[in-house]
Structures are given as structure tokens and as C-alpha cells.
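Structure, as C-alpha cells:
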Amino acid sequence: MQDIFAELSWRGLIHQTTDDANLQAWLMAQSRTVYAGFDPTADSLHVGHLLPLSMLRRFQRAGHKPIAIVGGATGMIGDPSGKSKERNLLTREQLIANVESIEVQMRGVLDFECGQTSAVLVNNFDWMQNFSYLDFLRDVGKNFPVNVMLAKDSVKGRLEKTDAGMSYTEFSYMLLQAYDFVHLSKHHGCELQIGGSDQWGNITAGIDLARRMLSVQLYGLTCPLLTKSDGTKMGKTEAGAIWLSPERTSPYRFYQYWINVGDDDVSNCLRVFTDLNQDDVESLDKSRAEEPHKRESQRRLAEELTKLVHGDSGLQRAQRATQIFFGQEIDQLSDAELGEIFEDVPSKELPRDRLSGDGLGILDAFHESGLASSKGDARRAVQEKGTYLNNARVEDIGRNLTVDDLISETSLVLRRGKKKYAILRFV
RNA sequence: GGGGGGUUUCCCGAGCGGUCAAAGGGGUCAGACUGUAAAUCUGAUGGCUAUUGCCUUCGCAGGUUCGAAUCCUGCACCCCCCA
């Protein structure tokens, strides 16, 4: 049995526990069953979910059994914790679809085929759906003193804000999550719940409920909420959240997100998200202090996480795309390769005969691609040396594009400035 | 109800009969520098064509004038003051 507690400690992943004195020994004594919950509000997990998910992974690797619970039932209610406003409810159909695709993503991170400690995925909708309202009130609600519930931060915060308010539905959320813990304890022998520090109230509610209903002692452990040094949320960009599904966030963009993590945050990210051991993290810290321009930390972080989420092939794709996006001139590619590398890049189809004869003027090409708002804009961009054809700078505003300029069967690659690309397809 | 001020190009904001596609700042876009960072510096920033122009734009609609963002009339919206 590995000392998971010590590991979480040096990684800075322990915010609060329900039993600081004994939890470490308790975890060392035997294999335990641990659970964390995931809200199926979308059809994909995002970077924000990566933390609890990787926590479960660490527990599993240390010899414990992880349970991931997707909140098919609780998702219908909406957790008020950390939310300032009443949430919109999801339909049952949406939830079912979301849960299905989230399952697939989890299989990449947790091991579901390793005997005793195999991960288990459950959906609380399965045991909540047949609960009658009366039964729930008698068996569960009876054990909740309202004054205790009102004292929870998640409730108190909302009630203090006079304009926010809170519905009875959201107020009841806590009971559902608490009951999850009881259910998992009874049917899966689960004894420890982990979550972000905003889950503390819900976790302790479950522990209280289990003591009353089952007379068992359960445990809770929370990890700090991850924020960047500038105070903003991890995993958000101007363009929106970074998702784990390749359909929503391509492996390239996922990889790039981590490559661009600031120096101030990268060490924390390495500790919290990757499997690198303490020595490795510290040597990367050292490398960053001495040779910051090499950015080994960011590179390593991006590699580890892209591999974890998108696998070896996803990482290769991301790195290949990175090479091309930052530097290399592009030589012959196939349409298929090009489509893969430039999957995030807007493309436009034009009739192939535009390339015949004198060809297509470079200014028109940039205008049509959307990289320039007008031909005049395109002209200026070229004169400013800010345009590239297949990653080679365009020098001449009179340049005409012909079939010879195609980089693959049908396409050529235009670029403006350092990062803005567009594909023109001639069909 | 009476009096006054305003509405300018993506935003703020100058202009008050020709030299106005319209100062300046911000933003944005490029370039240099660099670590795919930050800061800094440089250039560009209505459209079409070219280096000669043409077209569209200064709340909306008319008018005066050789000529208007600039003057006049009406309309719309905003702000302030007095009732």
C-alpha cells in the first residue's frame, strides 16, 4: 500500500479532511473505496474536472478502489455550491446523452480492468429515480436538521445575497448528494469522498447522514480549488473552456493550452495534474529558474496531459501540428494529413479553375480566405511582411497562385501574422 | 411647459465653409525584439483601383453654396438647468 496521503500532501492537494489525525494511517491500513462526483452538465468533461479525476487515479494507483459517480439525478437539480444564481435544469434526454459520453472519457484516465481495485462508474439516477418523494422525506429528509442546512456556506451565501434567492429544489440538492454517499457506502463499501473545497458542505452532510442512517463513520477529503496566479480560473480561455473531448477542443489546442501556462502556475500544475514524482518536478523547477526560455516545464506538462487525455496518437498529432504552426515551411502533405493538422483552422472552398491561366491574385486569396477584410487590407498586410503562403513569407503583392502552389491535392495554406491561418481548398 | 448643450470613422474625443477619409488617445492588425511570456519600439488601421484617382462616411431628411462634418430648416434620440 503506497502512502497516498503523503503524496497528496507534497502535491498540495489536501485542503481539508474530516479526520486530520487518523486519515493517513487509515488509508495505509488497507485498500479503501473512494468516490468523487461529476456533474454531467455538458457532453464532455473539461479541465476543471481533471483535478478530481486525477485524484481518483492517484488513489487507484496507490491501491485503492475509485468510484466515479456521474450525477444523472443530482444534475437534474443543480448544485448551488459556488453558484451565485439559480441554475437552469437539464432535460432527461440531455443528461442521458451527457452521461454516456463522459463515461467514455473516464475510461482513458481510470483503469476499469484491474481486478480488486478496478474503477467503477455509477450514475445516481439509477437509485434515485425510483425513490418516491414520501419515502425520501421519511428516510432521508428526517435526518436533516434545517438549522444545520441553513448554516452551510453554499446555502448561507446565497440567502445573504438578497437578489439571488434559492429555490427549494436547489436547497434540497445537499440531501441528494448526501444520500449518494450513504448508498455507495452501503452497496459499494465506499468510505471516503473527495472533491473540491466547495464540496465540503455536501461531503460532511453525507458523513452525518451515514452516521444517522447506517451508524458508520465515513471520511471526507477536499482539495484546493485551482486558480491561476492572476486569480482567473484554470482551464478557461477567452474562447471558452478547455474540454477533454477532441471534438470540442482539438488535441492541438489542448496541448497549446498547457504549453502557454504561465511560469508562475506551471509548477503547481505539474504537481497537481501529472504523475511526475517529486524529484522530477523539482528538477523542472530548477530548469525553469536557470533557463526559463527553454520552457521545459510547460513542454513536459503539455506532453503528460495531452497523452493522458488524448493518448499517444493525440499527442503526436498535437506535436506535429505545433511544429508546423511554429516555424517549419510546409512541404508536400496529403489532404488527410493537412486536414488533421489544421483541423481548427477555418477553410474555404473555391472552384479549381480560379487557379488556371494567370492564377488567383494573392490579395484576392487573402481576402477570400477571411484573413483580410478587404483587398486593401490584404495589400497592406503583404507590404508589412505579415503574410505567408504555405508558411513562406509573401514578398510580392502581384503574386498569383496557380496549381503549383498547392501543398496537398487540393489545398494551400495562408497565414497572417504569427498564428492566424486559413486553408483554401480548390475543388 | 420654458431655456441651454450634445449626436464624428471599432471606442473615447478634436474639428466649426475649402488644405477632411477627418488631429490625438485607446483598441485592433502587422513587423522588430523575445521564451508561442510580459514590457518596449516601429508601421498600419473606410472601400475599389492603383500610386492617378474614384466611391462611401461625420444622428436622419431636406436646403443654401462653385464647394458642407462644418451654415440653415425639420425630425429622432441623449444630457443639463428653470417651472
Side-chain angles (χ1 to χ4, degrees), chain A residues 47 227-240 242 249-270 283-306 310 314-330 341-346 354 358-400 413-422:
Chain A
V47 163
T227 51
K228 292 195 280 185
S229 52
D230 62 7
T232 58
K233 262 190 190 167
M234 202 73 221
K236 293 268 187 209
T237 65
E238 320 79 60
I242 301 293
T249 300
S250 70
Y252 169 73
R253 278 201 290 142
F254 185 86
Y255 180 86
Q256 282 293 319
Y257 177 78
W258 299 108
I259 282 280
N260 284 311
V261 167
D263 287 3
D264 293 342
D265 297 314
V266 68
S267 180
N268 201 24
C269 286
L270 285 167
S283 85
L284 283 169
D285 285 344
K286 200 174 157 211
S287 144
R288 196 172 55 258
E290 288 165 3
E291 303 173 295
H293 56 280
K294 283 194 173 174
R295 301 195 315 140
E296 275 185 61
S297 300
Q298 281 89 344
R299 227 174 287 280
R300 194 66 194 276
L301 176 68
E303 277 169 24
E304 293 287 326
L305 292 184
T306 307
H310 295 294
L315 175 60
Q316 273 170 25
R317 266 164 76 192
Q319 287 178 322
R320 177 99 199 274
T322 296
Q323 275 183 347
I324 286 184
F325 280 124
F326 294 91
Q328 280 193 0
E329 267 195 39
I330 306 170
I341 292 168
F342 292 93
E343 62 185 325
D344 295 328
V345 167
R354 302 267 313 253
D358 287 343
L360 175 64
I362 189 80
L363 301 181
D364 288 312
F366 270 93
H367 182 205
E368 299 246 21
S369 74
L371 289 178
S373 60
S374 66
K375 282 185 73 174
D377 188 28
R379 171 176 287 111
R380 273 177 242 117
V382 173
Q383 284 169 343
E384 287 168 343
K385 303 185 190 306
T387 53
Y388 304 79
L389 166 64
N390 299 327
N391 265 2
R393 180 173 276 167
V394 178
E395 306 284 354
D396 174 16
I397 59 170
R399 180 98 154 68
N400 284 321
V413 178
L414 299 178
R415 176 177 132 212
R416 175 164 188 186
K418 296 236 191 300
K419 296 186 189 174
K420 285 197 327 222
Y421 282 84

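Below, chains carry the letters A, B, ... as their sequence lines are ordered, and counting in each starts from 1.
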Query raised in the report: For the side chain of Arg393(A) and the backbone of Lys385(A), is there at least one donor-acceptor N/O pair under 3.5 Å apart?
Result: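 A pair under 3.5 Å: yes.
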Requested in this report: Look at the side chain of Arg415(A) and the backbone N and O of Gly417(A), then say whether any donor-acceptor pair between them is shorter than 3.5 Å.
Outcome: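 Looks like yes, one N/O pair under 3.5 Å.
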Query raised in the report: Can you tell me if the side-chain N/O atoms of Lys385(A) get under 4.0 Å from OP1 or OP2 in A32(B)?
Result: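 The answer is no; no side-chain N or O of Lys385(A) sits under 4.0 Å from OP1 or OP2.
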Query raised in the report: Within the structure, does a side-chain N or O atom of Tyr388(A) lie under 4.0 Å from either OP1 or OP2 of G31(B)?
Result: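 Indeed, a polar side-chain atom of Tyr388(A) lies that close.
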Can you tell me, in whole Å, how much space there is between the [atom1] of [N] and that of [M]?
{"N": "A68(B)", "M": "U19(B)", "atom1": "C1'", "result": "15 Å"}
{"N": "C41(B)", "M": "U57(B)", "atom1": "C1'", "result": "33 Å"}
{"N": "G59(B)", "M": "C10(B)", "atom1": "P", "result": "13 Å"}
{"N": "G17(B)", "M": "G3(B)", "atom1": "C1'", "result": "29 Å"}
{"N": "C82(B)", "M": "A21(B)", "atom1": "P", "result": "44 Å"}
{"N": "G6(B)", "M": "U51(B)", "atom1": "P", "result": "45 Å"}
{"N": "U9(B)", "M": "A23(B)", "atom1": "C1'", "result": "13 Å"}
{"N": "G67(B)", "M": "G18(B)", "atom1": "P", "result": "15 Å"}

Query - Close residues, residues 293-301 of chain A, relative to RNA chain B [heavy-atom separation under 4.0 Å] - result: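 Here the set is His293(A), Arg295(A), Gln298(A).
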Query - Residue whose closest nucleotide on RNA chain B lies nearer the 5' end, Arg393(A) versus Ile259(A) - result: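 It is Arg393(A), whose closest nucleotide lies nearer the 5' terminus.
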Query raised in the report: When the nearest nucleotide of RNA chain B is assigned to Asn260(A) and to Ala381(A) on a heavy-atom basis, which residue is associated with the more 5' position?
Result: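 Result: Ala381(A).
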Query - Nucleotide of A50(B), G31(B), U36(B) approaching Gln383(A) most closely (side-chain heavy atoms) - result: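 Side chain of Gln383(A) sits closest to A50(B).
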Query raised in the report: Does CG in Asp358(A) sit with more than 12 non-hydrogen atoms of other residues, nucleotides or ligands closer than 6.0 Å?
Result: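 No.
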Query raised in the report: So what does Gly262(A) touch, heavy atoms closer than 4.0 Å: a base, only the sugar-phosphate, or nothing?
Result: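 Since no nucleic acid heavy atom lies under 4.0 Å of Gly262(A), the category is nothing.
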Report task. Would you classify Glu291(A) as touching base, sugar-phosphate or nothing, given that sugar-phosphate means primed atoms plus P, OP1 and OP2, and contacts are heavy atoms under 4.0 Å? Result ->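 Counting heavy atoms under 4.0 Å across all strands, no contact is made by Glu291(A).
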Minimum-distance pair of heavy atoms, taken over all atoms of [X] and [Y]:
{"X": "Glu343(A)", "Y": "Ser250(A)", "result": "OE2-CB, 3.3 Å"}
{"X": "Leu284(A)", "Y": "Ser297(A)", "result": "O-OG, 3.4 Å"}
{"X": "Leu389(A)", "Y": "Val394(A)", "result": "N-CG2, 3.6 Å"}
{"X": "Pro251(A)", "Y": "Ala318(A)", "result": "O-CB, 3.6 Å"}

Using whole Å, report how far [atom1] of [X] lies from [atom2] of [N].
{"X": "Tyr257(A)", "N": "A37(B)", "atom1": "OH", "atom2": "P", "result": "16 Å"}
{"X": "Leu414(A)", "N": "C29(B)", "atom1": "CG", "atom2": "P", "result": "18 Å"}
{"X": "Phe366(A)", "N": "C29(B)", "atom1": "CZ", "atom2": "C1'", "result": "13 Å"}
{"X": "Lys418(A)", "N": "G31(B)", "atom1": "NZ", "atom2": "C1'", "result": "7 Å"}
{"X": "Tyr252(A)", "N": "U36(B)", "atom1": "OH", "atom2": "P", "result": "12 Å"}
{"X": "Asp263(A)", "N": "U34(B)", "atom1": "CG", "atom2": "C1'", "result": "13 Å"}

How long is the span from the [atom1] atom in [X] to the [atom2] atom in [Y], to the nearest 0.5 Å?
{"X": "Ser287(A)", "Y": "Lys294(A)", "atom1": "OG", "atom2": "NZ", "answer": "7.0 Å"}
{"X": "Asp264(A)", "Y": "Arg288(A)", "atom1": "CG", "atom2": "CZ", "answer": "8.5 Å"}
{"X": "Glu304(A)", "Y": "Leu315(A)", "atom1": "CD", "atom2": "CG", "answer": "9.0 Å"}

Report task. For the residue pair Asn400(A) and Ile362(A), establish whether any side-chain heavy-atom pair is separated by less than 4.5 Å. Result ->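 Not touching, per the 4.5 Å side-chain cut-off.
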Requested in this report: Just say parallel, tilted or perpendicular for the rings of Phe325(A) and Tyr252(A), cut-offs at 30° and 60°.
Outcome: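 Tilted, since the angle between the ring planes falls between 30° and 60°.
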Report task. Give the dot-bracket string for RNA chain B, reading 5' to 3', where a pair is Watson-Crick or G-U wobble with both distances under 3.5 Å, ( ) marks pairs inside the strand, [ ] marks pairs crossing earlier ones, | marks a partner on another strand, and . marks unpaired. Result -> (((((((..(((.....[.....)))((((((.......))))))(((....)))...(((((..]....)))))))))))).
Tabulate protein N/O versus nucleotide N/O from nucleotides 51-57 of chain B, keeping only pairs under 3.5 Å, one per line.
none

Query raised in the report: Which residues pass the ring pair (Phe, Tyr, Trp, His ring centres under 6.0 Å) test with Tyr255(A), sequence neighbours left out?
Result: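 Ring pair (Phe, Tyr, Trp, His ring centres under 6.0 Å) list for Tyr255(A), sorted by chain: empty.
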Query - side chain to side chain contact (heavy atoms under 4.5 Å, CB included) evaluation trace for Val266(A) with Arg300(A) - result: CA-CA 10 Å; Val266(A) 68; Arg300(A) 194 66 194 276; over 6 Å; no
Requested in this report: Walk me through it: do Ile242(A) and Arg253(A) pass the test side chain to side chain contact (heavy atoms under 4.5 Å, CB included)?
Outcome: CA-CA 8 Å; Ile242(A) 301 293; Arg253(A) 278 201 290 142; 5.7 Å; no
Report task. Carefully, step by step, assess Phe326(A) and Lys418(A) under the rule side chain to side chain contact (heavy atoms under 4.5 Å, CB included). Result -> CA-CA 8 Å; Phe326(A) 294 91; Lys418(A) 296 236 191 300; over 6 Å; no
Query raised in the report: Which letter, B, S or -, goes with each nucleotide of nucleotides 38-49 of chain B from 5' to 3', with contact meaning a protein heavy atom under 4.0 Å?
Result: -----BSS-SSB
Query - side chain to side chain contact (heavy atoms under 4.5 Å, CB included) assessment of Leu301(A) paired with Gln298(A) - result: CA-CA 5 Å; Leu301(A) 176 68; Gln298(A) 281 89 344; 5.6 Å; no
Table of protein N/O atoms under 3.5 Å from nucleotides 22-28 of chain B N/O atoms:
none

Query raised in the report: Only one of Asn391(A), Leu371(A), Asp344(A) clears side-chain contact (heavy atoms from CB on, under 4.5 Å) with Tyr421(A); which?
Result: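 Single side-chain contact (heavy atoms from CB on, under 4.5 Å) partner of Tyr421(A) among Asn391(A), Leu371(A), Asp344(A): Asn391(A).
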